[in-house]
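Structure record follows, encoded as C-alpha cells.
Given the structure is predicted, the values throughout are model-derived calculations rather than measurements.
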Amino acid sequence: QVQLVESGGGLVQAGGSLRLSCQASGIVFGINYMGWYRQAPGKQRELVAFITRGGRTNYTESVEGRFTISRDNVKNTVSLQMHSLKPEDTAVYYCAANNAPRVVFDFWGQGTQVTVSS
C-alpha cells in the first residue's frame, strides 16, 4: 500500500505562484505514474498533470506553460510548481500514484486547498 500526503496549498492572489509537494510512503518501490488532480466546487475531478517514472510529462491545456510537474524517485516525491495562477485554478488539489503505466490511479492523497483571489 502507498500513502500520499500533499503540502503547499494556500491562498494566493491572481498572478502569483505556489508549489505543491507530495510525499509517498509505504510500499513505494513499484510506483509508476504520479499525477495531480484538482476538483473545484461544483465541478468534476480533473487531471491536471502526470509524470511517468522516466520523466515524461503531460498537462491539461488550461495549465500548459504555467504549471510544471516534477518528481524525485529517490525521495519518492512529486511536485507541482504553479505560476501565473488564475481564480479558475481554485480547487482542492490531490496527489495520485499507481503501479502501472497507465492514466488510472490507485493511490490518493487527502488533498490540499488552493485558493486564488482576484
side-chain hydrogen bond (donor to acceptor under 3.5 Å, both in side chains) partners of [X], counting only residues at least two apart:
X	value
Glu46	Arg38
Ser7	none
Asn98	none
Asn58	none

Among Thr115, Val116, Val63, Thr90, find the one that has a side chain to side chain contact (heavy atoms under 4.5 Å, CB included) with Leu85.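 Running side chain to side chain contact (heavy atoms under 4.5 Å, CB included) over Thr115, Val116, Val63, Thr90 with Leu85 returns exactly one hit, Val116.
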Candidates Val48, Leu18, Val12 - the one meeting side chain to side chain contact (heavy atoms under 4.5 Å, CB included) with Met82: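 Answer after filtering Val48, Leu18, Val12: Leu18.
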Can you list the residues that meet the ring-ring contact (aromatic ring centres under 6.0 Å, His included) rule with [X], with sequence neighbours excluded?
X	answer
Phe50	Tyr33
Tyr37	Phe105, Trp108
Tyr94	none

Is there a donor-acceptor pair under 3.5 Å between the side chain of Asn99 and the backbone N or O of Gly30?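 Flag set: sc Asn99 to bb Gly30 pair under 3.5 Å.
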Give me each pair satisfying salt bridge (charged side-chain N to carboxylate O under 4.0 Å, His left out) with a member in residues 108-118, each pair once, sequence neighbours excluded.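 Residue pairs passing salt bridge (charged side-chain N to carboxylate O under 4.0 Å, His left out), neighbours aside: none found.
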With sequence neighbours excluded, tell me which residues meet salt bridge (charged side-chain N to carboxylate O under 4.0 Å, His left out) with Glu88.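 In terms of salt bridge (charged side-chain N to carboxylate O under 4.0 Å, His left out), with neighbours along the sequence ignored, Glu88 is linked to no residue.
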Is it the case that atom CD in Gln13 sees more than 12 heavy atoms from other parts of the structure closer than 6.0 Å?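 Atom CD in Gln13 is not crowded, with 12 or fewer foreign heavy atoms closer than 6.0 Å.
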Acceptor/donor pairs from residues 20-28 side chains to any protein atom, 3.5 angstrom cut, sequence neighbours excluded:
unit_1, atom_1, unit_2, atom_2, d
Gln23, NE2, Lys75, O, 2.9
Gln23, NE2, Asn76, O, 3.3

Do Arg45 and Gln39 pair up side chain to side chain, a donor and an acceptor below 3.5 Å, judged on atom types alone?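 The answer is no; no qualifying pair exists.
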Which residues share a side chain to side chain contact (heavy atoms under 4.5 Å, CB included) with Ala100, sequence neighbours left out: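 Once residues adjacent in sequence are excluded, the partners of Ala100 under the side chain to side chain contact (heavy atoms under 4.5 Å, CB included) criterion are Arg102.
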How would you list, by chain and number, every residue that makes a side chain to side chain contact (heavy atoms under 4.5 Å, CB included) with Ser84, sequence neighbours excluded?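 For Ser84 the side chain to side chain contact (heavy atoms under 4.5 Å, CB included) partners, ignoring immediate neighbours, are Arg66.
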Does Phe107 form a side chain to side chain contact (heavy atoms under 4.5 Å, CB included) with Gln3? I'd like the steps, not just the answer. CA-CA 7 Å; Phe107 310 111; Gln3 292 80 233; over 6 Å; no
Any chain of hydrophobic side-chain contacts (each under 4.5 Å) joining Tyr59 to Ile51?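 Yes, Tyr59 and Ile51 fall within the same hydrophobic cluster.
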